[in-house]
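Notes follow the structure.
Every chain is numbered from 1, with letters handed out A, B, ... down the list of sequences.
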Amino acid sequence: MIDLKALENNFDEIAAKLQKKKVDSALLEALKEQALKLKAQKAVLESLQAEQNAKSKLFPLYQKEGKDITALKKELAQNKQNIAKEQESLRELESDLQKIALNVPNIPDADVPAGDEEEDNVEIKKVLDIPEFSFPPKEHWDFEALDFIDFERGVKLSKSRFSVLKHQAARLERALINYMLDFNRERGFEEVSVPYIVNRDSLLATGQLPKFEDDLFKIEGEELFLIPTAEVPLTNLYRDEIVPSEQLPIMMTAFTACFRKEAGSAGRDTRGMIRQHQFGKVELVAITKPEESDAIFDKMVTCASDLLTSLGLPHRQVMLCGGDLGFGAAKTIDLEVWLPGQNRYREISSVSNTRDFQARRAQIRYKEEKKNRLVHTLNGSSLAVGRCLIAIIENYQQADGSVAVPQVLKPYLQ
RNA sequence: AGAGAGGUGGCCGAGUGGUCGAAGGCGCUCGCCUGGAACGCGGGUAUAGGGCAACCUAUCGAGGGUUCGAAUCCCUUCCUCUCUGCCA
């Protein structure tokens, strides 16, 4: 959630910044109006409550002195009705405000490039050269002889966009997960194992709800959802907590399966396992003091990029433009891995700084100078495991149709 | 899943309708004491919002209700513990 007090005080500045994310300033105007109305309404209610409280305290005194209390009682019964009425309108104002506020995206950083779509993203750097092949490289689904991926049976078990890994691919996936977790742990990210099912509050806190419920798998009959990313459980570990400042920064890594309905992606990447309803991902999450979140952000980007480099996978770093930025992100750098079969770079990791956007929703704070301040939260895929597997298959394919194994994974495949 | 017990401040724990935001203790912290420390003594020690401030409002798991007034009574719900059942 954006800071409503800041919106009140620096309206023009915030409205201008949110232009990058295509947020209508009329909506922001309405939000500000609503916030002011709410404040005024609160003042009205509170003075009535103050009166009620003060006069209620007279009863014991009256009774002690043997005074008549019927008139006072009547007056307060009346006042009570007024309070109920004002409370009702306050509640309405509050829920209206929430409805707007929870749907306003985070404010992009100053250095986020302007632009509406993917083409406007800015390449920061390329790492490793694109490999040359002496033969036309195949796409990852063209390795029938090796029987790596069974798309048909995945569909039989579940539905489209599900698949089954077999033989060396299944082992490679597990090797990758272990390798990634070890890699991250060596760089200071502590390994955590978290639930794959979370409640509404958790998804509200990280920003997937209320806006993106259509993208989530919901457990029927319960207010529970399958996680779309480990960012949700990891960040929510500290929801409604005041973290001792000496514990900061908290840096975590976890492997989880992720579940997404891909509601808006009909027809895209229907072939292969680029876009699945279920995929494995090793995630990085950091909780930091505001002043150190930029440094941690760089660290996370470097960690993910170095991981790809260590696997010998050519990739590039791309700074997302305002229009392509996610709902909760102030700034995002995507890592795109080279897929020879597709002859293009594809997203394999995404590192975001949400600043205090999630922290405000989640009420994650730390104590400084006796005051509680909101932390910054950051998240990033260490790597999407499925896409990484694809990248290895395509980049390490040999002329004879076999696939080599990256050197660093060999110890994990013994 | 069934039966019972319970959820109070950083922690322990008192409080069953009226100056209770909450006794007491522990912890922490400031001051005194000391060469320094322990002990001892005195003070402070939740969060959010509003107000220049005095101060006001809300919060005793959450939500609703009764009442002039609720931590205390009623309802709903979540969670924890114990026993029984089931289960990887």
Side-chain angles (χ1 to χ4, degrees), chain A residues 1-9 31-98 100-102 193-205 209-210 218-225 233 236-248 250 256-257 356-375:
Chain A
M1 200 160 81
I2 64 166
D3 184 356
L4 294 178
K5 217 178 211 169
L7 185 72
E8 216 175 278
N9 297 329
L31 184 59
K32 182 183 156 188
E33 287 299 309
Q34 198 70 16
L36 289 173
K37 252 196 239 169
L38 185 78
K39 211 193 232 177
Q41 180 62 29
K42 254 187 188 159
V44 169
L45 176 65
E46 281 181 9
S47 72
L48 285 177
Q49 284 173 324
E51 185 188 340
Q52 189 80 355
N53 289 342
K55 289 192 175 164
S56 286
K57 284 180 186 157
L58 295 175
F59 278 84
L61 300 176
Y62 275 36
Q63 279 163 342
K64 209 179 283 173
E65 296 167 17
K67 275 194 190 163
D68 184 31
I69 57 169
T70 49
L72 185 61
K73 199 164 179 175
K74 208 170 154 195
E75 183 193 343
L76 288 187
Q78 180 58 43
N79 193 40
K80 191 184 159 189
Q81 303 234 314
N82 293 338
I83 288 176
K85 212 170 67 199
E86 298 300 337
Q87 225 150 19
E88 184 47 42
S89 38
L90 182 78
R91 229 171 280 175
E92 257 171 57
L93 283 170
E94 241 161 14
S95 97
D96 289 352
L97 181 84
Q98 288 289 309
I100 307 175
L102 288 175
S193 177
V194 291
Y196 290 10
I197 296 175
V198 296
N199 58 31
R200 190 171 279 277
D201 284 345
S202 294
L203 288 154
L204 213 58
L209 290 178
K218 187 173 181 192
I219 311 282
E220 193 174 341
E222 311 243 13
E223 283 297 291
L224 294 170
F225 302 81
N236 273 282
L237 284 174
Y238 293 92
R239 170 155 54 85
D240 294 323
E241 291 193 23
I242 295 168
V243 184
S245 64
E246 63 271 16
Q247 278 180 27
L248 298 174
I250 295 169
T256 70
D356 62 11
F357 185 82
Q358 291 179 328
R360 184 169 296 105
R361 289 173 165 239
Q363 285 298 298
I364 306 174
R365 293 165 297 175
Y366 72 103
K367 215 174 255 290
E368 188 177 83
E369 309 273 328
K370 307 235 174 192
K371 281 297 279 184
N372 293 330
R373 292 180 63 199
L374 294 170
V375 299

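- Comparing G9(B) with U72(B), their P atoms are spaced 14 Å from each other, to the whole Å.
- Contact annotation for N79(A): no contact, since no heavy-atom pair falls under 4.0 Å across all strands.
- Taking 4.0 Å as the cut-off between side-chain N and carboxylate O, E223(A) and R200(A) count as a salt-bridged pair.
- For Q52(A), the side-chain hydrogen bond (donor to acceptor under 3.5 Å, both in side chains) partners at least two apart in sequence or on another chain are N79(A).
- Base pairing of G18(B): its partner is C68(B), meeting the Watson-Crick or G-U wobble criterion (both donor-acceptor distances under 3.5 Å).
- Comparing the same atom, P, in C20(B) and in C68(B) gives a spacing of 22 Å after rounding to whole Å.
- The span of RNA chain B lying next to chain A, judged by atoms under 4.0 Å from heavy atoms, is bounded 5' to 3' by G18(B) to G69(B).
- Under the ring pair (Phe, Tyr, Trp, His ring centres under 6.0 Å) criterion, Y366(A) pairs with no residue at all, not counting sequence neighbours.
- Between Q41(A) and E46(A) there is no side-chain heavy-atom pair separated by less than 4.5 Å.
- E33(A) has no carboxylate O lying under 4.0 Å from a charged side-chain N of K37(A), or vice versa, which leaves the two without a salt bridge.
- Using a 4.0 Å heavy-atom criterion, one finds that K57(A) contacts no nucleic acid atom at all.
- With respect to R365(A) and E241(A), no salt bridge is recorded, no charged nitrogen being found less than 4.0 Å from a carboxylate O.
- Using a 4.0 Å heavy-atom cutoff across all strands shown, K55(A) reaches no nucleic acid atom at all.
- To the nearest whole angstrom, the two P atoms, one in A3(B) and one in A88(B), are 25 Å apart.
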